[in-house]
Amino acid sequence: MSAAARSVAAPPANAVARDAHWAQKLARLRARQLPEHTLLVCDDLAVKKRLDQAKLEAARCRMADAENQRDTSPESERAETELASAQAAFDGVALTLTFRALPRPVLDGLIKRFPPTEAQAEDGDTWNPETFPAALVAAAHIERDDAGQAVEGLTEEEAQGLLDSWPVAESNALFAAAWQAQQIVRTTTVELGKD
């Protein structure tokens, strides 16, 4: 083997830069966090109503300030203070259930684990509506402690218990929150070459 054959030519600088660029982009794509969706549960209707009214009043005051071309009126400052107080009261009594999107193979496997019965399939169901919702709620639920660390969350049995014991609208909202986490889209497309 000749000396020339043994010495390997350095790759072109533009190829090296392109490889580094792609490696950096791929690392960012792989490091993305899965999207999350949160369901708020507040049984204190007076606290919820107070927050809703405070939000409306603060928005009304902001709009009035904008229409009158002023920075902030005393009325707006009072509305913002009430909003902060109402939000704190709500946060003190509300429960949150957070759901994280499952990687596609995990969701596909979960759906396959709960196929529809023949009758359900004839009705157009793609999974068993009696068993799949609890499995999805449990699989997608992410619970965090006060330090923000993930801890054990709902089991399928616990999820089924909630779905069975809550009123139909709230039971549907629980499943919908878990399903919504699977539907969050954080991408967009750009059409090139169109004028």
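One-based numbering along the sequence shown. Just so it is clear, the values below take in all heavy atoms, side chains as well, and ignore hydrogens, waters and symmetry mates.
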Verify the cluster assignment for [X] and [Y]: are they in a single hydrophobic cluster under the rule of side-chain heavy atoms below 4.5 Å apart?
| X | Y | answer |
| --- | --- | --- |
| Leu39 | Ile142 | no |
| Met63 | Leu56 | no |
| Leu136 | Val106 | yes |
| Val47 | Leu95 | no |

Exercise: identify the closest heavy-atom pair between [X] and [Y]:
| X | Y | value |
| --- | --- | --- |
| Glu75 | Cys61 | CG-SG, 3.7 Å |
| Lys55 | Gln87 | CE-OE1, 4.2 Å |
| Ala134 | Ala159 | O-CB, 3.5 Å |
| Arg100 | Arg144 | NH2-NH2, 3.1 Å |
| Pro116 | Gln120 | CA-OE1, 3.3 Å |
| Asn128 | Pro115 | CB-O, 3.4 Å |

Got a second to check how far [X]'s [atom1] is from [Y]'s [atom2], nearest 0.5 Å?
| X | Y | atom1 | atom2 | value |
| --- | --- | --- | --- | --- |
| Lys112 | Thr126 | NZ | OG1 | 12.5 Å |
| Lys48 | Cys42 | NZ | SG | 7.5 Å |
| Leu163 | Leu174 | CG | CG | 5.0 Å |
| Leu34 | Leu102 | CG | CG | 8.0 Å |
| Leu110 | Gln182 | CG | CD | 8.5 Å |
| Thr72 | Arg78 | OG1 | CZ | 12.5 Å |

Side-chain donor or acceptor of Glu67 paired with backbone N/O of Ala64 under 3.5 Å: no
Test item: Thr81 side-chain N/O and Glu77 main-chain N/O as donor-acceptor pair under 3.5 Å: yes
Going by side chain to side chain contact (heavy atoms under 4.5 Å, CB included), name the residues that satisfy it together with [X], two or more places apart in sequence or in a different chain.
| X | result |
| --- | --- |
| Asp43 | Val41 |
| Lys25 | His21, Trp22, Leu29 |
| Ala54 | Glu82, Leu83, Ala86 |
| Lys49 | Gln53 |

Residues Glu156 and Arg113 bridged, charged N to O under 4.0 Å: yes
Carboxylate-amine/guanidinium contact Glu57 Arg62, below 4.0 Å: no
side-chain hydrogen bond (donor to acceptor under 3.5 Å, both in side chains) between Thr98 and Thr38, intermediate numbers included: CA-CA 4 Å; Thr98 302; Thr38 300; 3.3 Å; yes
4.5 Å side-chain heavy-atom contact, Leu162 and Leu154: yes
Residue pairs fulfilling ring-ring contact (aromatic ring centres under 6.0 Å, His included) with at least one residue in residues 73-107, sequence neighbours excluded: Phe99-His141
Donor on one side chain, acceptor on other, Arg70 and Ser76, under 3.5 Å: no
Parallel, tilted or perpendicular: ring planes of Trp127 versus Phe132, cut at 30 and 60 degrees: tilted
Whether over 12 other heavy atoms sit under 6.0 Å from Gln24 CD: no
Over 12 non-hydrogen atoms of neighbours within 6.0 angstrom of CZ in Arg186: yes
Side chain to side chain contact (heavy atoms under 4.5 Å, CB included) assessment of His37 paired with Gln183: CA-CA 10 Å; His37 185 72; Gln183 306 304 310; over 6 Å; no
Salt bridge (Lys or Arg N to Asp or Glu O under 4.0 Å) partners for Asp125, two or more places apart: none
